[in-house]
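Just so we're on the same page: letters track the sequence lines, and every chain starts at 1. The figures that follow rest on heavy atoms only: side chains count, while hydrogens, waters and symmetry mates do not.
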Number of protein chains: 2
Amino acid sequence: MLTSLAADRDTGTRHADRLRQALEADIVTGVFKPGERLDEQRLADRFGVSRTPLREALAQLAANGLVTLQPRRGAFVVSLTFQEIVERFEMMAALEGMCGALAARRLVASDREALLNSLEACRREAADGDSDSYYQANEVFHQIIYRAARNAFLAEQSRQLQARLQPYRRLQLRAGRRIAASFAEHERIVAAILAGDAEGAERELRDHVLIQGDRLRDFFASLAHAGED
Amino acid sequence: MLTSLAADRDTGTRHADRLRQALEADIVTGVFKPGERLDEQRLADRFGVSRTPLREALAQLAANGLVTLQPRRGAFVVSLTFQEIVERFEMMAALEGMCGALAARRLVASDREALLNSLEACRREAADGDSDSYYQANEVFHQIIYRAARNAFLAEQSRQLQARLQPYRRLQLRAGRRIAASFAEHERIVAAILAGDAEGAERELRDHVLIQGDRLRDFFASLAHAGED
DNA sequence: GTCAACTTTTTCGTATACAAGAAGCTCGAT
DNA sequence: ATCGAGCTTCTTGTATACGAAAAAGTTGAC
């Protein structure tokens, strides 16, 4: 059901595309860790294909910024510096804000309904206090906003960047306090969109994302000082 | 000098990367027209390589949205519908606006100098009235703003999208009146950035891009009605 | 002349082969 | 014991080979 929101063109009978999707999933979900080397032959064996289509899949992932290809050295899962993560959160905040502003202006009945349903799902998961299921409900909530912006390109770019930040974002929501705060922000976001308040929706969504960035900054800062005393 | 602004990591001794750059340039500059089929063997012969690295280059271009790979049919230069072009201009306007807002907040001395120099270059080319050289000066001007935002990821995304819209944008600036108007907008943009007026810079840049989108809409509308009477 | 079924040709997708560079290892010198 | 030169092994980058699907061309019926 999530994939139906994504704008991945069905690429038919090409191993390279199937491999790209599988590798992307493994990178995004953290099966392959940042910095890890991806051995072509080993992966080809694992998927039961030769190196040729696998290399094409790696080329696509490199173009998408998920892996880096070091000449004569191989493919590595991209490992972002703190600065690079901050830059991407800054971009993500702007994209989400833009989605919110457009959604507020263009909301159609079906998106309005989906948005309200998703908010209720978030409310339930937040009450349960299970961070994993809230994380999933949260993801659906944002995907609905991407779609409600009625700009397929913007939605696809947002989805891609969101996926790329997923490993880093996952570090943060664990704290129970954050879930309640996140849901309160969701409520304000929905209120602004339903009211047609484009600027309000933009601001709420931007801040909603930036707060995650700030929390990540704190997380990194605590890492940097770990073991000092 | 333009390439020094772009954040293309040096990819060393890989045919696939060289091919990707060459093909991207040919697509962006219109050597290969939208919808055109790209024959693998013919291109491989032209570049003096085999199909293997060429296919990897095509895979990268497909991941970047410059070509589409139709299974068992081949690679085609992406042909955007009017709706898709509008969506990309909408995104471009937001990205440029964001660059402007960040540049206004973060302007450093070297960027300030580059911005002023570029504005003067635009003034000269606008006075000359040569649309091609103004087009080039305009491109440099925008690249400087991307860089002044001090967010390398945002700058790279803006540069990529700008390149992708280049074939469509080129249709518009020919009209002499537009050059003068464009330069006047540049002056207001620079004034806002120098004044540290983030909201003003964002608004001016957003409108600056959206005007191009509007003009494109007019252009398409005139095409649709061509030959009616 | 048009259309459909069949044949031929072209071109894609993948596997395999091989050359060249990088990583790892042995072994001797300090 | 540590370090570096030379050798070995492994891996990448590219070319080539081949089966299969699509496109193009041909033939025949109506």
Rounded to whole angstrom units, what separation is found between the [atom1] atom of [X] and the [atom2] atom of [N]?
X: B/Q70; N: D/dA21; atom1: CD; atom2: P; value: 18 Å
X: B/L58; N: D/dT14; atom1: CG; atom2: C1'; value: 16 Å
X: A/E40; N: D/dG13; atom1: CD; atom2: P; value: 6 Å
X: A/L69; N: D/dT11; atom1: CG; atom2: C1'; value: 14 Å
X: B/D39; N: C/dT10; atom1: CG; atom2: C1'; value: 9 Å
X: B/Q41; N: D/dA17; atom1: CD; atom2: P; value: 12 Å
X: B/R51; N: C/dG13; atom1: CZ; atom2: C1'; value: 7 Å
X: A/F47; N: C/dG13; atom1: CZ; atom2: P; value: 19 Å

Counting side-chain heavy atoms from CB outward, which of [options] is closest to [X]?
X: A/R55; options: C/dT11, D/dA15, D/dT12; answer: D/dT12
X: A/R72; options: C/dG13, D/dT12, D/dT14; answer: D/dT12
X: A/E56; options: C/dT11, C/dG13, C/dT14; answer: C/dT14
X: A/S50; options: C/dG13, D/dT11, C/dT16; answer: C/dT16
X: A/H15; options: D/dT14, C/dC12, C/dT14; answer: C/dT14

SB check [X] [Y] (cutoff 4.0 Å):
X: A/R73; Y: A/E40; result: no
X: A/E24; Y: A/R164; result: yes
X: B/R51; Y: B/E56; result: no
X: B/E156; Y: B/R159; result: yes

Mind checking B/R73 for me? I need base, sugar-phosphate or nothing, with any heavy atom below 4.0 Å counting as a touch. sugar-phosphate
Give B/R37 one of three labels, base, sugar-phosphate or nothing, depending on what nucleic acid heavy atoms sit under 4.0 Å from its own. sugar-phosphate
Which residue lies more 5' along DNA chain C, comparing B/R42 with B/T52 via nearest heavy atoms: B/R42
Between B/H208 and B/H142, how do the two ring planes meet: parallel, tilted or perpendicular, split at 30° and 60°? parallel
